[in-house]
Protein chains: 2
Amino acid sequence: MTNIHDVAKLAQVSSMTVSRVINGNGYVKEQTKKRVLQAMKELNYVPNSLARSLVRQKTQTLALIVPDIRNPFFTTIARGTEDMARKQNYRVILGNTDENVNKELEYIEMCLSIRVDGVIVVPAGNESKRNLKMLSEFKIPYVLVDREVAGIHSDVVRGDSVLGTKQLMDHLFNLGHQNIAIITGSLTTSTSRDRLLGYTQALKESGIEFRAEYVKEASYTKPLNNQVVHELVSCTPRPTAIFTANNFVAAQTVKLLRQQNFSVPEDVSIVSFDDFDQISLAEPFLTVATQPAYNFGSLATQMLFEVIDGIPISGPRKIIFQPEIIIRRSSGAARPISTP
Amino acid sequence: MTNIHDVAKLAQVSSMTVSRVINGNGYVKEQTKKRVLQAMKELNYVPNSLARSLVRQKTQTLALIVPDIRNPFFTTIARGTEDMARKQNYRVILGNTDENVNKELEYIEMCLSIRVDGVIVVPAGNESKRNLKMLSEFKIPYVLVDREVAGIHSDVVRGDSVLGTKQLMDHLFNLGHQNIAIITGSLTTSTSRDRLLGYTQALKESGIEFRAEYVKEASYTKPLNNQVVHELVSCTPRPTAIFTANNFVAAQTVKLLRQQNFSVPEDVSIVSFDDFDQISLAEPFLTVATQPAYNFGSLATQMLFEVIDGIPISGPRKIIFQPEIIIRRSSGAARPISTP
DNA sequence: GTGAAAGCGCTAACAG
DNA sequence: CTGTTAGCGCTTTCAC
């Protein structure tokens, strides 16, 4: 592949002059500029950004680390960051952690070694702290999205899980539900803890007793164990509604319930966080608290750029979006309990 | 950030020795190795892959270019490539083209400038030829996924759109449908042409007349124009079923039909390519031909690695997966036509 | 306006 | 087993 010297030789100038016309800085006589441009075209010259990055100490690259890109919530975040990155002529490298801190660590190490300019991360959980500290040590700026990490004070963009959960719970109360179970994601994530908090607060505010057997911890990304649903429906009294941690858990809960011959929403109502975007337009099913995922991504990226560009910022910024409740078929009026 | 020389100095060896222990090649005495490791840890040394890439002429980086990562079909492809890349210690850079050839071109140029080792691309359309030729000129290997491009003979992984469409059409015939419309994606894509071909062949084989007014060209990724659906339902006779190009078009078609007070499947049956993965488990709605998207991604990546590694290959390889038909609620028996 | 020199951080090739 | 030399392709700095 031709390099800057080849171009320089053909244009009969020094490589410095070529560099100047590439970057459009410094003075170059109009005529020599033309010669250089001509030579570049003739040789099909493409500047090598590796070399440039090496000397400039800047790679124009961001990393986006998410639990699993297949969840439409994270997909949409990805699209938001990619669009914003693109606008600023940045590239983005994608990593899936499956909420595994070690996988996350590998990606963080990769970030260090390829000298990314910044990282947008949906942290795997509270143990991500160590990984994030590493970024800090090496002065690589990052923005947390969707989740906070105990002991980490950085820029964050997320939704209000407590509020969203309470609104969802109120919706269920209004439908007459009293026996409401919850399946959370891993409680090492702040969203799971917040949603559990919203759940307990909502119960308390409505004067409904908290029952430990109604609470199950699962995972936002891993397949839901059949046992979890089985235990829930075996409780006495059987819950007439389940708050599920997110769209994935919701989908699997519904599937497992139906496999066990419970209908949704007739026997059990389901509500959850985060939507299945496209299909919900056509065939609305799940009652959800949605969050502006695209904005999570684009805003986080914008904030990251401000840090990268060294714009003075007074302390960590925390952007919290309010979720929006969308009521659909998966939640219905509470009925007297019958076992199928 | 500390570099290899700092480590060398502290360990009292040359930087070459440090390089050897980093890369685990060449002979290094156990004792000096230990000293070097110790120094690396002490200094928090992280090798700079930019510098390494520059001299090795290899970046350990792939690019994945798709129309829109938000479509679960492409998302799943992305996850497949990311997983496979990771296994080989490669990173992947993501680009969305929105099926715009110029956006695609920008990404291809980016690929050249950062010297990616290979590209996995779902081409925007037939005009992608120019872009792909560029990659070839610069000897950057690539694999086409999902779509072929006229005049390009490279490795391809895709599904059999003709077959899938015919099977979907047969399903509709079996339900008694005779008046079946089609909404394709852009006909610059091979999948759209194949699906249209499958449609016409299926009609012919069943001795059903082809009607030009039943054929509409739309887009796989852009919002569907209300007008398209309106024109279709205004035909005489009105179609009782619509084959839609993909999941996105299907979702929008259903939405627009319902807005115009047609019910699905009672008034109009809908079938399409590609699924909405998770939610379909819980609330099966769309009758679809699904394709193994994850394998598209992982297999294409594997093939790419074979080329990158210089494993001798006799000519371009073409992997064609058979789609699987999943029959669900969106398609039902044909009924006498009534206008709502 | 333009160029020469030095160096970003690393490794290939050879020498010992 | 270890080190020296040269250079990957670019930009920064300074000189003219």
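FYI, side chains are in, hydrogens and waters are out, and symmetry mates aren't considered; it's all heavy atoms of this structure. Naming: A, B, ... by sequence-line order, numbering from 1 per chain.
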[X] side chain near [N] phosphate (N/O to OP1/OP2, under 4.0 Å):
X: A/Ser15; N: D/dC10; answer: no
X: A/Ser19; N: D/dC10; answer: no
X: A/Asn3; N: D/dC8; answer: no
X: A/Arg56; N: C/dC8; answer: no

Which nucleotide in the set [options] lies at the smallest distance from any side-chain heavy atom of [X]?
X: A/Ala51; options: D/dG9, C/dG1, C/dG9; answer: D/dG9
X: B/Asn23; options: C/dT11, C/dC10, D/dT2; answer: C/dT11
X: A/Ser14; options: C/dG3, C/dT11, D/dG9; answer: C/dG3
X: A/Met16; options: D/dT2, D/dT12, C/dC10; answer: D/dT12
X: B/Val28; options: C/dC10, D/dT2, D/dC10; answer: D/dT2
X: B/Gln57; options: C/dC10, D/dT11, D/dC8; answer: D/dC8
X: A/Tyr27; options: C/dC10, C/dG1, D/dT13; answer: C/dG1
X: B/Arg20; options: D/dC8, C/dC10, D/dT2; answer: D/dT2

Practice item. Scan A/Thr32 against the nucleic acid and name what it touches under 4.0 Å (heavy atoms): base, sugar-phosphate only, or nothing. Key: sugar-phosphate
- Passes side chain to side chain contact (heavy atoms under 4.5 Å, CB included), B/Glu109 versus B/Met134? Steps please. CA-CA 9 Å; B/Glu109 283 170 342; B/Met134 271 185 78; 4.1 Å; yes
[X] side chain to [Y] main-chain N or O, any donor-acceptor pair under 3.5 Å?
X: A/Asp117; Y: A/Thr59; answer: yes
X: A/Thr97; Y: A/Glu104; answer: no
X: A/Asn100; Y: A/Asn102; answer: yes

Separation of C/dA12 atom C1' from B/Lys58 atom NZ, nearest Å, is 16 Å
